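Down below is the structure, laid out as structure tokens.
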Amino acid sequence: MTHVLLVRLAAPLQSWGIVSRFSHRDTHSRPTKSAVIGLCAAALGRDRTHAVDDLAALVFGVRADHPGTPVRDYHTVGAGRYPLRPRDVITDHRRAAAVAKSMDAAGGIGFGHHELSGWYGAPKKITTDPVSGTLVSGELSRTALITERWYLSDAAFLVGLQHEDPRFLEDIAYALEHPKQLLWLGRKSCPPSGTLAAGIVPGTIAEAFAAKRLLPGPDGSDTSGRRPWAWLQTAPGARGASPVNDEPVTFDPARRSHATRWETRTRVTIAPTATEWDIIP
């Protein structure tokens, strides 16, 4: 017999990146298995090099009770005029030589007072300096870097983690409410709100999703009669299933990798006997 740990993921902002890079950080429409397993690993106090085979073996499902609204955050990094700092010339002898004449001409105290244009920004074309052997920017002058980050605003998801051992699920549930590391919903700027561990029930994820009312929404609107979408992990090649490359193999930064799993998308009909929530909103 299997059991399901229900996990509530709700916050003002969430972001579940799938192909994020520095200049463009996207978000999936729902939490990924990799992100949720990483959340559980952090709660249990595991570092990124720790094995996650036991957590990755959990069957995963997510119900989109409140899908939220996509929000774009526009950023500029660097540029502008700022007082010169010692580290700006210590870390790169080429920049020290470039600024030497203007500092001498300025007179008086240089650091903290002498301002430079086109000096601050994101380093580009990183390479190894043949003189010092350190990593330096290929360009002495720097310009602003424009980036964008995407979030889901006012979203609430119900995640199901299915396993045969309820004690293993109990350990995860306790850790989510008493985490050994800081937890966030995709990015460090997205801390979760309220309760995460929402109970352990017998059965499958599909049964658990049908037996629970929708999570309270941010505006308190009536959710009766709604049939939310859910994505359920299934056996490879099952009818109607699609491959998803978010099964974590390792979070080790030196060899981070993911494997393919399969999932189906379905509408969830909430049972008339579904139980209400008694959690911190």
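Note that the structure is a prediction, hence the values are computed from the model and not measured. Nothing fancy with the numbering, it's 1 onward along the sequence.
Side chain of Trp150 to main chain of Arg25: no donor-acceptor pair is present (N/O by atom type, distance under 3.5 Å, no hydrogens or angles). Judged by distance alone, with hydrogens and angles left aside, the side-chain atoms of Gln162 form a donor-acceptor pair with the main-chain N or O of Ile205 at under 3.5 Å. Using modelled atom types, one side-chain atom of Ser193 and one backbone atom of Ala10 make a donor-acceptor pair closer than 3.5 Å. His163 places no side-chain N or O within 3.5 Å of a backbone atom of Val59 that could act as its donor or acceptor partner. Side-chain atoms of Thr2 come within 3.5 Å of backbone atoms of Gly203 as a donor-acceptor pair (strictly under, hydrogens ignored). In this structure a side-chain-to-backbone donor-acceptor pair under 3.5 Å is present from Glu207 to Thr204. With hydrogens and angles ignored, the 3.5 Å screen pairs no side-chain donor or acceptor of Arg213 with any backbone N or O of Thr275.
A 6.0 Å sphere centred on CZ of Arg48 holds no more than 12 heavy atoms belonging to other residues, nucleotides or ligands. Other residues, nucleotides and ligands contribute at most 12 non-hydrogen atoms within 6.0 Å of the CD atom of Glu164.
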* Worked verdict on Trp277 versus Leu215 for side chain to side chain contact (heavy atoms under 4.5 Å, CB included) -> CA-CA 7 Å; Trp277 291 103; Leu215 290 165; 3.6 Å; yes
* **CA sep, side-chain torsions, deciding dist, call: Leu13, Leu152, side chain to side chain contact (heavy atoms under 4.5 Å, CB included)** => CA-CA 6 Å; Leu13 291 175; Leu152 298 177; over 6 Å; no
* **side chain to side chain donor-acceptor pair (under 3.5 Å) assessment of Thr147 paired with Arg149** => CA-CA 7 Å; Thr147 72; Arg149 293 165 172 82; 2.8 Å; yes
* To do: Kindly determine whether Ser34 and Asn245 satisfy side chain to side chain contact (heavy atoms under 4.5 Å, CB included), including the steps that lead there.
  => CA-CA 9 Å; Ser34 176; Asn245 190 44; over 6 Å; no
* **Derivation of the side chain to side chain contact (heavy atoms under 4.5 Å, CB included) call for His3 and Val201** => CA-CA 6 Å; His3 293 74; Val201 296; over 6 Å; no
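The distance from atom CD of Gln14 to atom OG of Ser189, rounded to the nearest 0.5 Å, is 11.5 Å. Here the CH2 atom belonging to Trp229 is positioned 3.5 Å from the CZ atom belonging to Arg265, to the nearest 0.5 angstrom. Here Lys188 contributes atom NZ and Cys190 contributes atom SG; the two are 12.5 Å apart, rounded to the nearest 0.5 Å. From Leu158, atom CG reaches atom NE2 of His66 across 10.5 Å, with rounding to the nearest 0.5 Å. To the nearest 0.5 Å, atoms CG (Asp65) and CZ (Phe157) are separated by 9.0 Å.
Defined by atom type and a distance below 3.5 Å, a donor-acceptor pair is missing between the side-chain atoms of Arg267 and Thr269. If you check the side chains of Asp252 and Thr250, you find no donor sitting under 3.5 Å from an acceptor. No donor-acceptor contact under 3.5 angstrom links the side chains of Asp26 and His24, judged on distance only.
If you run side chain to side chain donor-acceptor pair (under 3.5 Å) between Lys33 and each of Gln233, Glu263, His258, only Gln233 comes through.
Judged by the 6.0 Å distance and 45° axis criteria, Arg187 is positioned over the aromatic ring of Tyr151.
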